[in-house]
Amino acid sequence: MYKQLVVVDHPLVQHKLTLMRRKETSTANFRRLLKEIAILMAYEVTRDLPLDKMPIETPLAMMDAPIISSKKLCLISILRAGNGMLDGMLDIVPSARVGHIGLYREPTTLEAIEYYFKTPEDIAERLCIVLDPMLATGHSAIAAIDRLKERGVRQIKYVCLLAAPEGLLMLEAAHPDVPIFTAAVDSHLDERGYIIPGLGDSGDRLFGTK
Ligand code: URA
């Protein structure tokens, strides 16, 4: 049904996601679990990074050994909940650059309104991995990817924790070239745009603001 969707169904990811969904999970545990899942998802989203060969010397012999080719990465956090996935991703790709896009949901239309945009200057030459735990209506994801494409970015991947079918359809229609990585596809959105069953407001749960 979705052409560019990868559901990361690794048992560790699924187990940790279940712990995150539980309403009694503390802020500290929620934050730690999101970071751990981001580490595991980083492994999946970087699976097709191109490799070069580099001559090295082991204690016993010379060899041509694989290294990640000089492809430049940029992690793009959609504020504020995207920050909850940044540290885990950076643990795996420590030399990646980081950009931030601030978007808030207009409460009546649920449209994404931009209030912040800061990325590396050479963003157009980088593979951008956009991070936001919740793909709900798809408005924020589409707006963020629109902005990256306006800046000339040609290769983009989108990573979330949970996706709603409505958001997946919207994002795929707007940006069919962008692969989507998620840990689960949930049932639907409620009338306020929350993912059901979901896990509530990811920003509030991550930062303890409610
Ligand atoms: N954003 C959230 O944090 N939670 C949802 O369920 C939907 C959007």
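Counting starts at 1 for both ligands and their atoms, in listed order.
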Could you give the N/O to N/O pairs under 3.5 Å linking ligand 1 and the protein, each with its distance?
unit_1: ligand 1; atom_1: 3 (O); unit_2: Ser202; atom_2: N; d: 2.7
unit_1: ligand 1; atom_1: 3 (O); unit_2: Ser202; atom_2: OG; d: 3.0
unit_1: ligand 1; atom_1: 4 (N); unit_2: Gly200; atom_2: O; d: 2.8
unit_1: ligand 1; atom_1: 6 (O); unit_2: Ile195; atom_2: N; d: 2.7

Problem - Pairing of Arg31 and Asp87 as salt bridge, 4.0 angstrom limit - result: no
Practice task
Would you give the length of the straight line joining atom CG of Leu161 to atom OG of Ser202, rounded to the nearest 0.5 angstrom?
Solution key: 8.5 Å
Could you give the side-chain donor-acceptor pairs of residues 4-20 under 3.5 Å, partners two or more places apart or in another chain?
unit_1: Gln4; atom_1: NE2; unit_2: Pro176; atom_2: O; d: 3.1
unit_1: Gln4; atom_1: NE2; unit_2: Asp177; atom_2: O; d: 3.4
unit_1: His10; atom_1: ND1; unit_2: Leu12; atom_2: N; d: 3.0
unit_1: Gln14; atom_1: NE2; unit_2: Val8; atom_2: O; d: 3.1
unit_1: Gln14; atom_1: NE2; unit_2: Ala183; atom_2: O; d: 2.7
unit_1: Lys16; atom_1: NZ; unit_2: Glu36; atom_2: OE1; d: 2.7
unit_1: Thr18; atom_1: OG1; unit_2: Gln14; atom_2: O; d: 3.1

Problem - Between Arg32 and Asn29, a side-chain donor and acceptor under 3.5 Å - result: yes
Practice task
Establish, yes or no, whether the cationic atom of Arg80 lies under 6.0 Å from the six-membered ring centre of Phe207 and within 45° of the ring axis.
Solution key: no
Handout entry: Hphob cluster co-occupancy, Tyr43 + Met85, side-chain heavy atoms under 4.5 angstrom
Key = no
